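As the structure lists them, so they are numbered: ligands from 1, and atoms in each ligand from 1. In this chain, numbering begins with 1 at the start of the sequence shown. What you see is a predicted model, and the numbers here were worked out from it, not measured in a lab.
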Amino acid sequence: MARIVQPAGQPAPTNAPNAPDAPASNDAAGQANFDAIIAKDSRVEPKDWMPEAYRRSLVRQISQHAHSEIIGMQPEANWITRAPSLKRKSILMAKVQDEAGHGLYLYSAAETLGTTRDDMMDALVAGKARYSSIFNYPTVTWADMGAIGWMVDGAAICNQVPLCRASYGPYGRAMVRVCKEESFHQRQGFEILLELAHGTPEQKAMAQDAVNRWYAPSLMMFGPPDDDSPNSKQSMAWNIKRFSNDELRSRFVGMLAEQVKVLGLTLPDSEIRFNEDTKKWEYGPLDWEEFKEVLAGRGPCNAQRLERRRSAHEDGAWVREAAAAYHDKQLAKQAAEQKAAA
Ligand code: BYC
C-alpha cells in the first residue's frame, strides 16, 4: 500500500501516522488501526492513517457535495428579486445564504483531507468537477421554489441524514448541521406549495406543473440504479454511505407519496405503490439517458450554471487578493514584533 503524502502546503499533523516523514512500516499498523475503526463503526479523523483510496473517494464525494451546494444557490437566487412578498423574499434569501454556508462547511471538511479549496474551485470552474444533476434544470415559475424546497431539499435530507453517521468525522459532523437547516428548507418549500395548492385554480395548476417537472430529476439525485453505481459497494464497506441509491430513492418516493396527499396535488407517476412483500415503495421507470446527458454537461442549464459560477469567481478575485494581502501584512507585523521582542 502506498504511503499517503500530503500535497504541498498541507503538512500532515506531526502526530499523524501518515506524515511524510513517518516510516513506511507504519502502513501496516495504520491499515490495522483503520480496519479496526471501520469494524467498530467508529470515526476516522484527519490525523488518522487512512488508505489512499478512502481519502480519494471522500474528496470526490465531499467536493462534489460542496459544489452542489454552491451551484445550487443559482436556481433559487433567480427568484429572490421576484418573490411575491417581502416575507417570501427574506426567507428565500436566508435559504440561499444557508446553501453557501453548507458549501463552506463541506469545502472545509474536504480540506482536512489534504486538498485545497483553490484546487477544488479551479476544477469546478474548469468544468472538470461534478455537482448534483438537479441544479441543471431551470426555475421557470415561483412554484419551483416550493417544489425545490419540498422535493430537492427533501431528497437531500433522505440522502444526508444517513451521512451524519459517515465514518469520516469532519464530513459526518458537517452533515448534522446541514440536515437541521435542510429540514427548515424542506418545510418552507412544502408551505409554498400548500398555499399555492389552496389558492386560485391558476395557482394550483402552477404548483402541480412544478411538481410534475421536478419529480423525476429529484429522484435522480440519489444517483444511478444500484446495478450501475460503481462507487456504492466500496463506500458502504467503508461506512461512508449507509444505504444504496435505490434504497434511499424508494424511501423518498414513500415520503412524497404520503405528503402529496396533504398538498392536494398528485405525483406524475401512476406506478407508485407500496410492495407489501418487499416492504418497499416502487415507482415507474426513470429516464436514465437524460441523467447521463445532464452528467455529460448537456442538461438544460449546465452551460449557464458554469458560466455564472465562473464570472462570480472572477468578480470575486479582488476579495481574495485583499484577504491574501491582509494575511501577508499580519504575518509581517507578527515577524517584526517577534524580532523586536527578541
Ligand atoms: N448528480 O457510483 P455512484 C442540496 C455520479 S445539495 C451528479 O452511485 P456515489 C441543495 C457520481 O458522483 C446536496 N453526479 O456514486 C443545495 C459518480 O461519479 P464519479 C447534493 C452524480 O458517490 C442547494 C457516478 O455518478 N447532495 O441539497 O456512490 C439548494 C456514479 O454514481 C449524481 C449530495 O451531493 C447526481 N445526482 O453516489 C437546494 C450528496 N449521482 O464521482 C438543495 C452527497 C451520481 O465516480 N453525495 N453521480 O465521477 C452522495 O451521497 C453520493 O455521492 C451520491 C452518488 C448518492 C450522489
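Close contacts of ligand 1 with Arg130, meaning ligand atoms under 4.0 Å from a residue heavy atom, involve 5 (C), 12 (O), 14 (N), 18 (O), 19 (P), 48 (O). Numbered from 1 in the order shown, with element, the atoms of ligand 1 that lie under 4.0 Å from a heavy atom of Gln61 read 22 (O), 43 (C), 46 (N), 49 (C), 50 (O), 51 (C), 52 (O). Within the listing of ligand 1, atoms 36 (N) sit less than 4.0 angstrom from a heavy atom of Met220. For ligand 1, the atoms lying closer than 4.0 Å to a non-hydrogen atom of Asn159 are 39 (C), 43 (C), 50 (O), 55 (C).
The protein atom (non-hydrogen) at minimum distance from atom 32 (C) of ligand 1 is Phe291 CZ, 3.6 Å. When only non-hydrogen protein atoms are considered, atom 40 (N) of ligand 1 lies nearest to Gly223 CA, 3.1 Å. When hydrogens are left out, the protein atom nearest atom 10 (C) of ligand 1 is Phe135 CZ, 3.4 Å; that is the closest non-hydrogen contact. Nearest protein heavy-atom contact of atom 55 (C) of ligand 1 is Phe222 O, 3.6 Å. For atom 21 (C) of ligand 1, the nearest protein heavy atom (residue, atom name, distance) is Leu295 CD2, 3.9 Å. In terms of protein heavy atoms, atom 13 (C) of ligand 1 is closest to Gln160 OE1, 3.4 Å. Shortest contact from atom 37 (O) of ligand 1 to any protein heavy atom: Lys241 NZ, 3.0 Å. Looking from atom 1 (N) of ligand 1 to the surrounding protein, the closest heavy atom is Ser133 N, 2.8 Å.
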Exercise for the section: Please report the C-alpha distance between Ile91 and Phe184 in whole Å, then the side-chain angles of each, then the deciding distance to 0.1 Å, and finally whether the side-chain contact (heavy atoms from CB on, under 4.5 Å) criterion is met. Expected result: CA-CA 10 Å; Ile91 294 171; Phe184 156 74; 4.2 Å; yes
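Under the 3.5 Å distance criterion, with hydrogens and angles disregarded, a donor-acceptor pair is assigned to the side chains of Arg177 and Tyr105.
Under the rule for a side-chain contact (heavy atoms from CB on, under 4.5 Å), the partners of Gln203 that lie at least two apart in sequence or sit in another chain are Leu196, Thr200.
For Glu76, the closest heavy-atom approach to ligand 1 falls below 4.0 Å.
Each of Lys241, Arg242, Lys280 was checked for a side chain to side chain donor-acceptor pair (under 3.5 Å) with Glu247, and the lone residue meeting it is Lys280.
Between Glu314 and Arg310 no salt bridge is recorded (no basic side-chain N to carboxylate O distance below 4.0 Å).
Listed for the Arg117 side chain is no donor-acceptor partner under 3.5 Å among the backbone atoms of Ala110. A distance-only check finds a donor-acceptor pair linking the side chain of Ser167 to the backbone of Trp238 [under 3.5 Å].
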